[in-house]
Student: 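Pasting a structure below so you can have a look.
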2 protein chains.
Amino acid sequence: MKQSQKLSRRERDKLRQRQEIFAAALELFAEKGYHNVSVNEIAERAEFAVGTLYKFFDNKESLYKSLMRERADRVHQALSKALEEGDDEIEKLRNYVRTKGSSFKEDAPVVRLYLAETRGVNFNFEDDLHNDIRKQYEKVQQKLAVVFKHGIQKKLFNKIAEPYLLAVTLNSIITGFLFLWLEQPEENMYPENPNTILDILFKGLLADSPNA
Amino acid sequence: MKQSQKLSRRERDKLRQRQEIFAAALELFAEKGYHNVSVNEIAERAEFAVGTLYKFFDNKESLYKSLMRERADRVHQALSKALEEGDDEIEKLRNYVRTKGSSFKEDAPVVRLYLAETRGVNFNFEDDLHNDIRKQYEKVQQKLAVVFKHGIQKKLFNKIAEPYLLAVTLNSIITGFLFLWLEQPEENMYPENPNTILDILFKGLLADSPNA
DNA sequence: ATAATATATGAACCCAGCTTCACCGTCAAT
DNA sequence: ATTGACGGTGAAGCTGGGTTCATATATTAT
C-alpha cells in the first residue's frame with residue numbers, strides 16, 4: 001500500500017467529498033430540520049447527483065447519523081479536556097463554561113443540531129405556532145424577571161446578575177431538573193421541595209471564608 | 001337555541017370526541033414525535049376512522065397545532081398565576097418552581113411535547129444514535145460532577161446541593177444562555193467572561209443580612 | 001489510442017402516508 | 001314503515017420524496 005505517508009489521492013478525495021456532503025447536509029438540517037430536508041436538496045447544495053450520495057451513505061438516516069456522531073464527538077472531547085485543565089476547581093469550571101460557549105459558537109449550525117438532540121429544537125412549521133408559544137413563554141419569563149427585580153429593589157436579593165438573566169437561569173435549572181426526572185422518573189424525582197432548587201440560587205457556592 | 005344552560009347534547013358529544021382525539025394524538029406525538037406518527041395511527045388509537053378525524057380537523061398539521069396551543073395555554077396560565085400569588089418574592093419563586101414541576105408532572109406526555117417546543121425534543125430514530133450521544137453527554141456531566149465533588153471536599157465550595165445536581169445545574173444554565181444567544185445573537189451574547197455565569201452559582205442570591 | 005475500470009449522473013420507480021369521497025348505519029321526524 | 005339528515009367509515013387516489021440502476025463520463029492501465 002502506498003499509505004507510507006498517509007492516504008492515496010483517491011482516498012483523500014473521497015474523504016474531502018464526504019466532508020463536503022456533511023457540510024451541505026448540516027447547513028440544511030440545521031436550518032430546516034431533518035424531516036424538512038430532501039436528499040435531492042442535499043445533493044444539489046453539495047453539487048453532487050443524488051446517486052452519488054448513495055455511494056457514500058446507505059440512506060438518508062445513516063447520513064444524518066454519521067454526521068451527528070462525528071460532530072458530537074468533537075464537542076464532548078473538547079469539554080472533557082476543558083475539565084482536565086486548570087489548577088483548581090474554579091479554574092476548571094471557567095474552562096468548561098468558556099469551552100462550551102466557544103466550541104458551540106464556532107459553528108452555530110452544529111449548535112442547533114446538537115441542542116436539537118440533547119435539548120431539542122424547533123422542527124419548524126413555518127412557525128406561527130412556534131412563535132406564539134415562544135411569545136407566551138417569554139411573557140411568563142418577563143413576569144419572573146419582575147419578581148427578581150422587585151426582590152433586588154427590596155434588598156431581599158443580592159444583585160448577582162440582571163433580573164432577566166436570573167429568570168433565564170431559574171427556568172433553565174427547572175428545565176434541567178425536569179429532564180432528569182423525565183429520563184428516569186424513579187431515580188431522580190423532581191424535588192418535592194422547591195427549596196432544593198431555589199437553594200442553589202439562594203446560597204452561594206463559593207465558600208466565602210477565603211474572601212471574607 | 002337550547003344553550004340556556006350550556007351546550008346541546010350533540011355539541012357536548014362533539015367536544016368530548018375532540019378531546020378523545022387530542023388525547024390519542026398527544027400520547028402518540030409525545031411517544032414518537034410528530035413525523036413518526038401517521039394519521040391512521042391516531043385514528044386507530046382514538047377508535048375512529050380516519051375520515052372522522054378530518055371532520056374535526058383540516059389536516060394533520062392543524063390537529064397538532066390546535067393540540068399544542070391548547071395545552072401550552074394551560075401551562076403558561078398556571079405559571080403566570082403562580083407568580084402572582086405569594087406575599088414576598090421568595091414565596092412567589094417557590095410557587096413558580098412548584099407549579100412548573102407539578103403542572104408538568106401531572107401529565108408527562110405534555111411535558112415532552114412542551115419541552116419539545118420550548119427546548120426541544122428527541123425525534124427518535126429507534127434511538128441508537130440518541131442513546132450514544134446521551135451517554136457521551138452523561139460522561140462529561142459525570143466528570144463535571146467530580147469537579148464539584150473535589151471542590152466541596154477541599155472546602156473550596158459549600159455543599160449547597162449534591163455534586164451531580166450541581167453539574168446538571170451548571171449545564172442547564174449554560175444551555176439556557178446559549179439558547180438566548182441562538183435566538184438573538186446581537187442582543188444577548190453568550191457572556192465572554194465565564195464569571196458572569198459562574199457568579200450566579202458562586203454568589204448567593206439571598207441577601208444574608210436578615211439571616212446572619 | 002484503446003481498452004478496462006471506476007466513478008458520477010439523474011430520470012424513473014415505488015411506496016408510505018395524507019387526504020378524499022362515495023357509501024353506510026343510526027336516529028328523529030313524519 | 002318511510003324518509004331525510006347527519007355522523008361515521010375506510011378503500012382508493014395522489015403525491016412527495018427516498019432509493020435504484022442503466023447510462024455517461026472520467027481515470028488508469030496497456
Side-chain angles (χ1 to χ4, degrees), chain A residues 1-3 7-68 123-126 129, chain B residues 1-3 7-68 123-126 129:
Chain A
M1 306 191 160
K2 49 163 77 169
Q3 315 254 97
L7 260 37
S8 76
R9 162 105 184 321
R10 269 279 154 75
E11 287 166 319
R12 269 180 295 125
D13 270 11
K14 252 191 138 61
L15 223 51
R16 200 176 28 69
Q17 288 178 324
R18 192 183 149 95
Q19 288 308 323
E20 270 166 31
I21 295 172
F22 272 162
L26 180 57
E27 280 176 31
L28 288 166
F29 284 146
E31 190 172 298
K32 322 204 294 176
Y34 179 78
H35 290 284
N36 301 311
V37 172
S38 77
V39 175
N40 274 289
E41 235 174 321
I42 299 174
E44 207 171 333
R45 174 90 57 123
E47 294 175 83
F48 283 108
V50 249
T52 309
L53 295 206
Y54 283 84
K55 292 267 158 51
F56 286 88
F57 305 98
D58 292 344
N59 50 46
K60 186 185 177 190
E61 184 177 329
S62 128
L63 158 56
Y64 175 81
K65 284 186 177 179
S66 316
L67 169 56
M68 284 304 298
F123 43 98
N124 71 350
F125 273 145
E126 258 54 77
L129 170 67
Chain B
M1 309 192 164
K2 49 161 75 170
Q3 314 254 97
L7 262 35
S8 77
R9 161 98 188 326
R10 271 281 154 76
E11 287 166 319
R12 267 181 295 121
D13 270 11
K14 252 192 135 65
L15 224 49
R16 203 175 26 66
Q17 289 178 323
R18 194 184 148 95
Q19 287 307 323
E20 271 166 30
I21 295 173
F22 273 162
L26 179 58
E27 280 176 33
L28 288 166
F29 285 145
E31 194 171 294
K32 322 204 295 174
Y34 180 78
H35 290 284
N36 301 312
V37 173
S38 76
V39 174
N40 275 292
E41 236 176 320
I42 298 174
E44 208 171 331
R45 175 87 59 118
E47 295 175 81
F48 283 107
V50 249
T52 309
L53 295 208
Y54 282 84
K55 292 266 155 61
F56 286 87
F57 305 98
D58 291 344
N59 50 45
K60 187 187 176 187
E61 184 177 328
S62 129
L63 159 55
Y64 175 81
K65 284 185 176 180
S66 316
L67 170 55
M68 283 305 299
F123 41 98
N124 71 347
F125 277 142
E126 256 53 78
L129 169 68

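Just so we're on the same page: letters track the sequence lines, and every chain starts at 1. Side-chain atoms are counted along with the backbone in the values below, which use heavy atoms only and exclude waters and symmetry mates.
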Student: Are B:F29 and B:F22, when compared by the centres of their aromatic rings, separated by less than 6.0 Å?
Tutor: no

Student: In terms of side-chain heavy atoms of A:A49, which of D:dG18, C:dG10, D:dG8 is nearest?
Tutor: C:dG10

Student: Which listed nucleotide (C:dA8, C:dG17, D:dG18) is nearest to the side chain of B:S38?
Tutor: C:dG17

Student: Is the NZ or CZ atom of A:K65 both under 6.0 Å from the centre of the six-membered ring of A:F57 and within 45° of that ring's axis?
Tutor: no

Student: Which nucleotide wins on minimum distance to the side chain of B:Y54, given the candidates C:dA11, D:dT9, C:dT20?
Tutor: C:dT20

Student: Please report, rounded to the nearest Å, how far the P atom of C:dC18 is from the CD atom of B:E44.
Tutor: 13 Å

Student: Measure from CD on B:E41 to C1' on C:dC18 and round the result to the nearest Å.
Tutor: 13 Å

Student: Would you say A:Q17 reaches C:dT7's phosphate, i.e. side-chain N/O to OP1/OP2 under 4.0 Å?
Tutor: no

Student: Heavy atoms from C-beta onward define the side chain here; which of D:dT9, D:dT19, C:dT19 lies closest to that of B:K60?
Tutor: C:dT19

Student: Answer yes or no: is there an ion pair linking B:E41 with B:R45, defined by an N-O contact shorter than 4.0 Å?
Tutor: no

Student: Roughly, in whole Å, what's the span from CD1 in B:I42 to P in C:dT19?
Tutor: 10 Å

Student: Within this structure, what is the CG-to-P distance between B:L28 and C:dC18, rounded to whole angstrom?
Tutor: 12 Å

Student: Nearest whole angstrom, please: distance from the P of C:dA8 to the CG of A:D13.
Tutor: 9 Å

Student: So which nucleotide from D:dT19, C:dT9, D:dG10 ends up closest to the side chain of A:N59?
Tutor: D:dT19

Student: DNA chain C: A:N40 or A:E47, which has the more 5' nearest nucleotide?
Tutor: A:E47

Student: Taking OH from B:Y34 and C1' from C:dG17, how many angstroms apart are they, rounded to a whole number?
Tutor: 12 Å

Student: Would you say C:dT7 has OP1 or OP2 under 4.0 Å from some side-chain N or O of A:K55?
Tutor: no

Student: Grab the CZ-P distance between B:F48 and D:dT9 for me, whole Å please.
Tutor: 7 Å

Student: Name the residue closer to the 5' end of DNA chain D, choosing between A:V39 and A:G51 according to the nucleotide with the nearest heavy atom.
Tutor: A:V39

Student: Over how many whole Å does the gap from B:E61 atom CD to C:dG17 atom C1' extend?
Tutor: 15 Å

Student: Looking at every non-hydrogen atom in both residues, tell me the closest pair between B:K60 and B:V37 and how far apart they are.
Tutor: NZ-O, 2.7 Å

Student: A:F48 vs A:F56 aromatic rings, parallel, tilted or perpendicular, using cut-offs 30° and 60°?
Tutor: tilted

